[in-house]
Amino acid sequence: MSAAEPVPYRITDAGLTVRLRVTPNASASRIEGIELRDDGEAVLKLRVTAVPDKGRANAAVVTLLAAALGVPKSALTLMSGETARLKTLAVSGPGAELAERLAALLAAKSA
């Protein structure tokens, strides 16, 4: 990823905030890559097999991202979008290191 490309995350004092676009009820849970929205915002596209009922899809999102970033599920907090496809998730930890992990994961997806 070049420095000019929009990224779906921001480094904060507490770690990282990640903007997501989630598709529930998919055939497989996976991180698909970055999507640029019409407003120019970059979001991380995810698919999860869980249905959007009683927080199941949100729990699946937390599980998927925690495993991908190598952090415990307790390090992730849903900040907004509980019932929406667009969500914001906070990841506690060293922000720069988490950003590097996510960037490496996304680079591997686009290769």
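Count residues from 1 along the sequence. Just so you know, these numbers come straight off a predicted model, no measurement behind them.
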Checklist entry - Looking only at heavy atoms, which two atoms of A60 and A50 are closest? And how far apart? => result CB-CB, 3.8 Å
Next on the checklist: Tell me every residue that passes salt bridge (Lys or Arg N to Asp or Glu O under 4.0 Å) with E100, counting only those two or more places apart in sequence or in another chain.
Outcome noted: none
Checklist entry - Side chains of T17 and T12: do they bring a donor and an acceptor to under 3.5 Å? => result no
Checklist entry - Side chains of R101 and V71: closer than 4.5 Å at any heavy-atom pair? => result yes
Checklist entry - Are more than 12 heavy atoms from other residues, nucleotides or ligands located less than 6.0 Å from atom CG of D39? => result yes
Checklist entry - Can you find a pair of side-chain heavy atoms, one from M79 and one from L89, that are under 4.5 Å apart? => result no
Checklist entry - What's the shortest heavy-atom distance between P6 and L36, and which atoms? => result CG-CD2, 3.4 Å
Checklist entry - Hey, are the side chains of L65 and L46 touching, using non-hydrogen atoms and a 4.5 Å cut-off? => result yes
Checklist entry - For the side chain of S29 and the backbone of T49, is there at least one donor-acceptor N/O pair under 3.5 Å apart? => result yes
Checklist entry - Is there a side-chain contact between T23 and V48, using heavy atoms and a 4.5 Å cut-off? => result no
Item to check | Pairwise side-chain contact, L102 with L98, heavy-atom cut-off 4.5 Å (strictly under) | outcome: no
Next on the checklist: So R85 and P24, do their side chains get closer than 4.5 Å, heavy atoms only?
Outcome noted: yes
Item to check | Spacing of L76 atom CG and S92 atom OG [to the nearest 0.5 Å] | outcome: 8.0 Å
Checklist entry - Any side-chain heavy atom of E82 within less than 4.5 Å of one from N58? => result yes
Next on the checklist: Go through it in stages, so that I can follow the logic: the residues are L106 and I34, the test is side chain to side chain contact (heavy atoms under 4.5 Å, CB included), and I'd like the CA-CA distance, side-chain angles, deciding distance and then a yes or no.
Outcome noted: CA-CA 8 Å; L106 293 171; I34 296 176; 3.7 Å; yes
Checklist entry - Partners of R10 by salt bridge (Lys or Arg N to Asp or Glu O under 4.0 Å), sequence neighbours excluded? => result none
Checklist entry - Is there a side chain to side chain contact (heavy atoms under 4.5 Å, CB included) between V62 and L78 once you walk through the steps? => result CA-CA 8 Å; V62 167; L78 185 63; 5.7 Å; no
Next on the checklist: Less than 4.5 Å apart, side chain to side chain, heavy atoms only: is that true for P8 and L20?
Outcome noted: no
Checklist entry - Can you list the steps and then say if K73 with T63 is a side chain to side chain contact (heavy atoms under 4.5 Å, CB included)? => result CA-CA 6 Å; K73 291 187 284 186; T63 300; 3.4 Å; yes
Checklist outcome for this item: Members sharing V43's hydrophobic cluster, built from side-chain contacts under 4.5 Å between Ile, Leu, Val, Met, Phe, Trp and Tyr, are L86
Item to check | Residue that, paired with R19, satisfies side chain to side chain contact (heavy atoms under 4.5 Å, CB included) out of R37, K87, E41, E35 | outcome: E41
